[in-house]
2 protein chains.
Amino acid sequence: MRISEASTKSGLSADTIRYYEKSGLVPAVERGPDGLRRFSPENVEWLTLLYWLRKTGMPMQEMQRFAALYRQGDTTIPERREVLLNHEKRLHRRRADLDRCEEVLAYKIAAYEKIEGGLS
Amino acid sequence: MRISEASTKSGLSADTIRYYEKSGLVPAVERGPDGLRRFSPENVEWLTLLYWLRKTGMPMQEMQRFAALYRQGDTTIPERREVLLNHEKRLHRRRADLDRCEEVLAYKIAAYEKIEGGLS
DNA sequence: TACCGGGCTGGAGTGGCTCCAAGTCAAGTC
DNA sequence: GACTTGACTTGGAGCCACTCCAGCCCGGTA
């Protein structure tokens, strides 16, 4: 499939896909005789994974390391699993941030409501 | 208190505090006779709120609107409450993203473990 | 033939910091 | 009284991860 379909399927914009390819995050994207990119289902699965990793805060550098491992084939699977396990920890930290922020918001909103009561 | 203390208490770096002030996010920071910023406890509470809003994804623009309301005094409290309630919705969306990412990771990690079993 | 949609490249622009050079001032040390 | 140290100041450059755009090519339709 071509880039627009890969974009809707993966969630990444076409611009971002091209940018990722340039940055070495996407291995082996074929080109058709017309010079346009052709994405395999495996390519799209990979892009989708990148989409979620990025969206939940994995930095570029780490994704580049991950992509390098991916390019080296199945022998790097234990290391890749490590990367993902590490990212799971990051998700937990983020969730804790959201929880903390909810507390702060609840406190503030309650304070606002108390003042509003006295306003009218 | 001075900027370094405001920084440790709010969580924002001194650079970021100065940047926020320049961007109109922090109203009425006093200066001492030495020309250095003096932060009141109210300033610090405000900065802390900004810290959490920003850390959980509120864009600058919205924070600027929020700060403008803050500067206008207590009559804007209903609107400010709206902004915070809206941000709570954003938190929920982010949590959903984290959940979805966890699913993707669990699936990928399971797949890796299946391959690893066959590797050795 | 003219146009349109989809893709290409290279490069500029953006948001939100982050770091740095060069300077001021206050307090402490010799 | 001179020197050093350290916290702070400003203005401006640099950075990350995109995002947008100009200017181009190509295949298909009216």
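Labels below follow one simple rule: chain letters A, B, ... track the order of the sequence lines, proteins then strands, and each chain is numbered from 1.
Look at CZ on Arg54(A): it is 9 Å from C1' on dC18(D), rounded to the nearest Å. Atom CD in Glu30(A) sits about 17 Å away from atom C1' in dG7(C), given to the nearest Å. Counting to the nearest Å, the P atom of dA17(D) and the CD atom of Glu21(A) are 18 Å from each other. We find that CZ of Arg31(B) is positioned 10 Å from C1' of dC8(D), with the value rounded to whole Å. Rounding to whole angstrom units, OH of residue Tyr19(B) and P of dT14(C) are separated by 13 Å. Nucleotide dC18(D) holds its P atom 12 Å from the CG atom of Leu47(A), rounded to whole Å. The nearest whole Å value for the distance from the CD1 atom in Ile17(B) to the P atom in dG16(C) is 18 Å.
For the pair Arg54(A) and Glu62(A), the salt-bridge criterion is not met [side-chain N within less than 4.0 Å of a carboxylate O]. Under a 4.0 Å N-O distance rule, the pair Asp99(A)/Arg94(A) does not qualify as a salt bridge.
Taking only side-chain nitrogens and oxygens, Tyr20(A) comes nearer than 4.0 Å to OP1 or OP2 of dC18(D). Phosphate proximity of dT19(D) to Thr16(A): present, with a side-chain N or O under 4.0 Å from OP1 or OP2.
Taking 4.5 Å as the limit, some side-chain heavy atom of Leu91(B) sits within range of a side-chain heavy atom of Leu105(A). Residues Arg38(B) and Arg31(B) are not in side-chain contact: their nearest non-hydrogen atoms beyond the backbone lie 4.5 Å or more apart. Between Arg95(B) and Arg90(B) the shortest side-chain heavy-atom distance does not fall below 4.5 Å. Contact check for Lys108(A) versus Glu103(A): no side-chain heavy atoms found under the 4.5 Å cut-off. In this structure, the side chains of Glu30(B) and Ser40(B) stay at 4.5 Å or more apart for every pair of heavy atoms. Between Thr48(B) and Lys9(B) there is no side-chain heavy-atom pair separated by less than 4.5 Å. Counting heavy atoms from C-beta outward, Pro59(A) and Arg65(A) have side chains that stay 4.5 Å or more apart.
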Return the polar atom pairs (N/O with N/O) between nucleotides 20-24 of chain D and the protein under 3.5 Å, or none.
none

Can you give me every donor-acceptor pair (side chain of residues 17-29 of chain A, partner residue at least two apart or in another chain, under 3.5 Å) with its distance?
residue  : atom : partner  : partner atom : Å
Glu21(A) : OE1  : Arg37(A) : NE           : 2.5
Glu21(A) : OE1  : Arg37(A) : NH2          : 3.4
Ser23(A) : OG   : Tyr19(A) : O            : 2.6

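Residues of residues 61-71 of chain B that place a heavy atom closer than 4.0 Å to DNA chain D do not occur. Listed by residue number, the members of residues 32-46 of chain B with any heavy atom below 4.0 angstrom from DNA chain D are Gly35(B), Leu36(B), Arg37(B). A heavy atom closer than 4.0 Å to some atom of DNA chain D occurs in Arg2(B), Ile3(B), Ser4(B), these being the qualifying members of residues 1-12 of chain B.
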- Message: With side chain to side chain contact (heavy atoms under 4.5 Å, CB included) as the criterion, how do Leu49(A) and Val104(B) come out once you've worked through the C-alpha distance, each side chain's angles and the decisive distance to 0.1 Å?
- Response: CA-CA 7 Å; Leu49(A) 181 54; Val104(B) 173; 3.9 Å; yes
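Side-chain contact check for Ser4(B) and Ser7(B): no donor-acceptor pair (N or O, by modelled atom type) lies under 3.5 Å.
For Trp46(A), the ring pair (Phe, Tyr, Trp, His ring centres under 6.0 Å) partners at least two apart in sequence or on another chain are Phe66(A), Tyr70(A).
For the pair Thr16(A) (side chain) and Leu12(A) (backbone), a donor-acceptor distance under 3.5 Å is absent.
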